[in-house]
Amino acid sequence: MKLYCLSGHPTLPCNVLKFKSTTIMLDCGLDMTSTLNFLPLPLVQSPRLSNLPGWSLKDGNAFLDKELKECSGHVFVDSVPEFCLPETELIDLSTVDVILISNYHCMMALPYITEHTGFTGTVYATEPTMQIGRLLMEELVNFIERVPKAQSASLWKNKDIQRLLPSPLKDAVEVSTWRRCYTMQEVNSALSKIQLVGYSQKIELFGAVQVTPLSSGYALGSSNWIIQSHYEKVSYVSGSSLLTTHPQPMDQASLKNSDVLVLTGLTQIPTANPDGMVGEFCSNLALTVRNGGNVLVPCYPSGVIYDLLECLYQYIDSAGLSNIPFYFISPVANSSLEFSQIFAEWLCHNKQSKVYLPEPPFPHAELIQTNKLKHYPSIHGDFSNDFRQPCVVFTGHPSLRFGDVVHFMELWGKSSLNTVIFTEPDFSYLEALAPYQPLAMKCIYCPIDTRLNFIQVSKLLKEVQPLHVVCPEQYTQPPPAQSHRMDLMIDCQPPAMSYRRAEVLALPFKRRYEKIEIMPELADSLVPMEIKPGISLATVSAVLHTKDNKHVLQPPPRPTQPPSSKKRKRVSEDVPDCKVLKPLLSGSIPVEQFVQTLEKHGFSDIKVEDTAKGHIVLLQEAETLIQIEEDSTHIICDNDETLRVRLRDLVLRFLQKF
Amino acid sequence: MDPECSKLLPALCAVLADPRQLVADDTCLEKLLDWFKTVMETESSLHLLQDHPCLMELLSHVLKTQDVSPRVLSFVLRLVGIFAAQEDCFQYLQQGELLLGLFGETGALSWTAWNMPSVRSGWIQGLCSLAHHPSALHFLADSGAVDTIFALQGDPSLFVASAASQLLVHILALAMQGGASGSPISEAAAWPICAQKIVNHVEESLHSKATPQVTQALNVLTTTFGRCHSPWTGVLWGRLSPPVACLFERDPIPAVHSLMDLLLSVASPQELRTQAFGVLLQPLACILKATTQAPGPPGLLDGTAGSSLTVDALLSSKSACVGLLCQTLAHLEELQMLPQCPCPWPQVPLLGATVTILRLCDGSVDPSSSMGGRLCGTLGGCVRVQRAALDFLGTLSQGTSPLELVLEVFAVLLKTLESPESSPTVLKKAFQATLRWLQNSHKTPNCSDLSPDALLFLGELFPILQKRLCSPCWEVRDSALEFLTHLIRHWGGQADFREALHSSEVPTLARQLLQDPESYVRASAVGTAGQLSSRGLQATSASPENPLAQQGLLMDLMHILSTDSEGFPRRAVLRVFTEWLRDGHADVIRDTEWFVATVLQAVSRDLDWEVRMQGLELAQVFLIQAMGQPSLHCPYTVGLPEATSPRPHPEFLQTLCRLPLFEFAFCALLDCDRPVAQKACDLLLFLRDKTTHCSGPQEAGDSPNSASVEAVLQRWREGEQGQPLGDLEPEAMLAILRSLDLEGLQGKLAKSSDHVEKSPQSLLQDMLATVGILEENEADCY
């Protein structure tokens, strides 16, 4: 059993598990932090961005000044943003049988895998994962395609040139494999390969293994996966949450008794508690708006935004914000808000029960009804007519490199009355802000990450008790910024096995058993014999038939007999045409009684020696020794067959035959 | 005992002895015991028993059959104890073998109901009541009860165990005092047997290897020394201090915190106290050691960091670590306020350790050792430790600390107040600690001004306060407002403070919270706004979203008073108004009469009694300002001339009628809430007092006007309070005032409202009544 690790990002995993005869890809996350090296794509011509000076080498050589621009001491690539793909060379991805998706954030690389590697298998995901994943991809494609950029920089990627660049460009990894965003056509084709599944549904893969999605409590439709055969069980935990937010709670019990538990997608902010951060978010929002400023919240179009809107729903009136407009701007804003309301079966109990009242499960419906929350596909069109300040704007992309957020950063960045509040934990907010410096706007960082923290992980592991834990290497040591926090790492026994990008792990367990079925007629012919109370044995002679990873014992084929005399035929029926087997022996030899029996049969001068494995009975007179061990008995005598047979028969008296 | 009760008693005893009758409510039994106790204070219990044979029947019935509920068994044990507290009755019961039968080894101990904690507790309490005379001591010694009490110290029920401990102390005190004719008996052999037994037991327990035993012994001693300091306690300490001192030589020291309690309660030698203090400081020393690279600051903590067992306790588990630290911090906090507080007090290391603990909690410490790293993980975000440390930090503000450490305190307080992770309770404590440090830090001897450091601190604090005033959590908004109010009360007059406050958005945000949806927050906002306004610090800029800010605050508060649906904000408004009136706030003195009239009008309709009471308070302030302080009704002042208080001007009486203050006070006099009526009564007495010398017709009945008032008052008494008194002349009012029996009313109101229902007769009737139902049901069955 092997695990091929194609991504080094702990929360955007992409691993391939080879288990029995199947090849299973676990998630295909797309690392988008690479886009932070690029200049933002403005929706409206930005004089500031287009007039940034080109970057030149220390010696004044300016051959890169078309590709690289300088802003407040940082250097950015002036080109269409590119993403860092999972490894494609480590394993032939056309051999992948299935891809299991755990949540919509972990499928953003899907089109790259399904459309460009010769992949012919099936993708399994829950319906909300697929639908919201589609929205995220659609938004991404839309953000990038609607601002066509003529230039595609590639000079800087040359290894010899990259070495000369300032950090962080110099240290960017695998730049040669960075790719531009996929197209909508590729998205549609990739999504068409998805087969929808429900929680706890058992899916057979070639009869060899069974995979089952379990609720993971992190997002709508998010799942952990169990991959099991009859005797082995691998659990894949990715992006799980024990907090009570909108999704169905996490199913922990089903993870018990795993041989291997692959653990990814823990919180990226282990020291922050989401409740505190939500409070911080609300306080700063209210403070800014009361002082007449605007609030910008860069966010994904689904996920935490539902919870934020819910908190605000409760808070708006109490904070005296009833007259402040809330805008949600995304090409998929409408679908996202509506989808969330129709996935009732995937919601937490509390929200599910609202559906029967009938009430929309999320209160943002009411915010929309009362005109407190308005949503628009982009800043163009209706929005510009309705736009009123001060206001609160939720919009993407959290990287601040594309999407409508770029416009608002340019618009509001110059006033200290305004605030940008970062709630998505995926991007370093300082790096995200770098191309907007100098910035007068206030910045508040309150990342809300509801995924498991280390305390919860340690409780979870105690509860489900896997034999082995496998996790990204980042989780086996404290975070670099808090090297003394030994509590911010996975602590389990035996220590977790860690992986990094482009590594292949041999998982530490051997398959020992395989399930085999016996055909009824063969079972009928067995004659079990009880060898000790409760345990019966029978010998069986049969043909092992293996097909589709299922093993069946069938009665041995009857020998094709040439037609002959009746008598002969009957004989052949009595004695099947297979090797006559010696009877099997069982039981143990009580040494004292055995010695007494030997003495009764005339042997004298008997000596017994204890050995590490059993006993040696020495018949000194006969120059013979009998070696009795747990699973074997040897009679060693000097070419005296009669003596040997005599002794053998005496030994056999103590054993059962069948 | 009054005859009515005597008549009811046999029936009640029969009920109690009947196992089928369930006494549903055991508070009845408690009340019954209380009643017997009061009866016994004035009457002989022996006579009572002899006069009411039903009581003896009940007792002997229980003794014979024990066929009653555990509740009644427990009751009987306690009742007998109360009877036997008088020595003659004790002897009487002793003769009947009743006492031994109940309290001896063949008594309650052998009953199956002994398993019930309530019965064991009744047994102990019975003995405790009984142990009041020398005969009781003999009985205790002979009956083997003392040994049982020793065993009960370790009872699984904490109530029973604690009561057993108390009982030992009680018996010991009785034994040691009983024989003493003055000088204490220093010879142990001459001590009463009971005392010897107890002291020996305590001594043995102190030598015990088992910590619970040691703890029990220490608790007995702590209670003993805490109760009295007579000569015999000195002798006792002389005997027991060596084994107590020996406890310090053990490793680990058993029952550290009980030991601390004992040493705090007894005048132990300095050396022993210092040793004890060192032990107490160990956990903090460990914290300092684990987090500082350089050798720590000099101080008492130096020698104590070594105990490996403290380190083990700190690291063994989160709950052990948290428990130990909280206990230590609480103990130190208590200790600092006591006269036994060690001298010199190690202010600097203690402050350092406390700041470090808080920084471990907020994760900002960079520990130098692996132990520090583990502590960081254990204490990170631990609310309990944070709260305890903040409390102690507040206490430490009393001492003198070096400037750099004060700055560290301010930094850690800012971090706590700022952190999104701080829970509302932690924030509240942090606000309290901040206030104490601002008050006490770096005091310059001759002025109450804020130090430059404190001002810098405030500069950073106000933005945080702004954020907290916008918190989605109402508790946080509330404590931020309370904190702000305190700040303004202390430094509102200081120019630097005013400037810092003005340059922030704090006043505007605080004003906006007058409309908060949470009533507690509105109430606090009222207080803050009142304080801001008193100091001339109200929000200056009025934003268009907030039309309230454009009107006067007075009108806003009037609006809250007359429309707010919750009581708290309305009470807060009246407190502010009373303060404004007292301090002569500009908005109030502009037209005091209108102000008082409007307030009284709103208050008179208020449904909240505290608001009405506050209204009377405001009226009283108004009257005092006009008429002078109330004269003291003290026998020693009789001879003093009363000319000091000015006689009220007739016009002022007119004003009172117009307001209408009289009407309000008369109405309040009939208020269904007693405190309001009491307050109104006091107010009217004051008024009558001040107007005795006023001219006017002395004969009240003469004026037709006053007759109609009387008629209205009469109707009010009958419950028709809708009718106004109408326009009245001062003379009529004064006449009514004189005609009312205010003193009599005051006496009546002083009695508690349930004095009728509390009578023993009604108690007995109630108990019998609940039982009567059962009898009826029984009849139905046939």
Side-chain angles (χ1 to χ4, degrees), chain A residues 269-293 295 308 310-324 390 417 419 421 423 442 444-448 453-455 458 477-479 481-489 491, chain B residues 290-291 318 360 362-381 418-424 426-427 463-477 480 504-506 508-509 511-518 521-522 541 543-546 548:
Chain A
I269 321 288
T271 50
N273 150 27
D275 281 343
M277 287 302 166
V278 170
E280 190 76 359
F281 171 81
C282 290
S283 307
N284 283 297
L285 185 144
L287 187 58
T288 305
V289 174
R290 284 189 192 172
N291 288 334
V295 176
L308 286 181
E310 182 154 3
C311 285
L312 287 171
Y313 168 79
Q314 292 160 358
Y315 179 61
I316 283 176
D317 292 324
S318 74
L321 303 176
S322 319
N323 301 319
I324 303 297
L417 278 179
T419 306
I421 309 183
T423 57
K442 281 198 288 281
I444 303 290
Y445 181 58
C446 35
I448 297 167
N453 63 31
F454 288 99
I455 299 171
S458 125
Q477 62 223 9
Q482 287 151 306
S483 56
H484 60 278
R485 292 293 296 269
M486 304 304 282
D487 55 319
L488 301 184
M489 55 183 269
D491 181 22
Chain B
T291 48
K318 178 161 179 157
L360 282 167
D362 69 26
S364 65
V365 96
D366 190 9
S368 58
S369 64
S370 66
M371 184 190 160
R374 285 184 61 186
L375 277 173
C376 223
T378 314
L379 297 180
E418 197 276 327
S419 166
E421 304 291 308
S422 297
S423 77
V426 167
L427 280 176
I464 295 173
L465 203 55
Q466 289 177 28
K467 187 179 86 179
R468 293 303 181 192
L469 288 173
C470 296
S471 167
C473 175
W474 72 263
E475 290 93 335
V476 173
R477 299 197 295 275
S504 76
E505 299 289 334
V506 169
T508 320
L509 291 169
R511 176 80 179 265
Q512 287 174 0
L513 291 179
L514 285 177
Q515 292 156 305
D516 200 277
E518 185 60 49
V521 179
R522 287 199 300 279
S541 64
S543 60
E545 283 78 34
N546 189 22
L548 256 183

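Since the structure is predicted, the reported quantities are computational estimates derived from the model, not experimental observations.
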Exercise for review: Kindly indicate whether the side chain of A:Glu280, heavy atoms from C-beta on, has any atom under 4.5 Å from the side chain of B:Glu421.
Suggested key: no
Review point. Is chain A contacted by the side chain of B:Val365, its backbone, both, or neither, given a heavy-atom distance below 4.5 Å?
Key: backbone
Check your understanding: So, do A:Leu287 and B:Leu509 sit near enough that their side-chain heavy atoms are less than 4.5 Å apart?
Key -> yes
Revision key, fill the gap. One should read off an interatomic distance between A:Leu285 CG and A:Arg290 CZ, to the nearest 0.5 angstrom, of 10.5 Å
Review point. Using non-hydrogen atoms only, which part of A:Asn273 is less than 4.5 Å away from chain B: side chain, backbone, both, or neither?
Key: both
Exercise for review: Under 4.5 Å, counting heavy-atom pairs only, tell me which of A:Ala272, A:Ser283, A:Gly279 racks up the most with chain B.
Suggested key: A:Ser283
Point to revise | A:Ile269 and A:Met277, any side-chain heavy atoms less than 4.5 Å apart | key: no
Review point. Is there side-chain contact between A:Ile448 and A:Leu308, with heavy atoms separated by less than 4.5 Å?
Key: yes
**Study point:** chain A contacts, top residue of B:Gly372, B:Ser419, B:Gly380, B:Ser471 (heavy-atom pairs, under 4.5 Å)
**Key:** B:Ser471
Exercise for review: Give the member of B:Pro517, B:Pro420, B:Ser423 that has the highest number of heavy-atom pairs under 4.5 Å with chain A.
Suggested key: B:Pro420
**Study point:** For B:Arg522 against B:Leu514, the heavy-atom pair lying closest together
**Key:** CD-O, 3.4 Å
Practice item. Could you look at B:Cys376 and say if it's the side chain, the backbone, both or neither that has a heavy atom under 4.5 Å from chain A? Key: both
**Study point:** Option in A:Cys311, A:Cys282, A:Pro478 with maximal non-hydrogen atom pairs under 4.5 Å from chain B
**Key:** A:Cys282
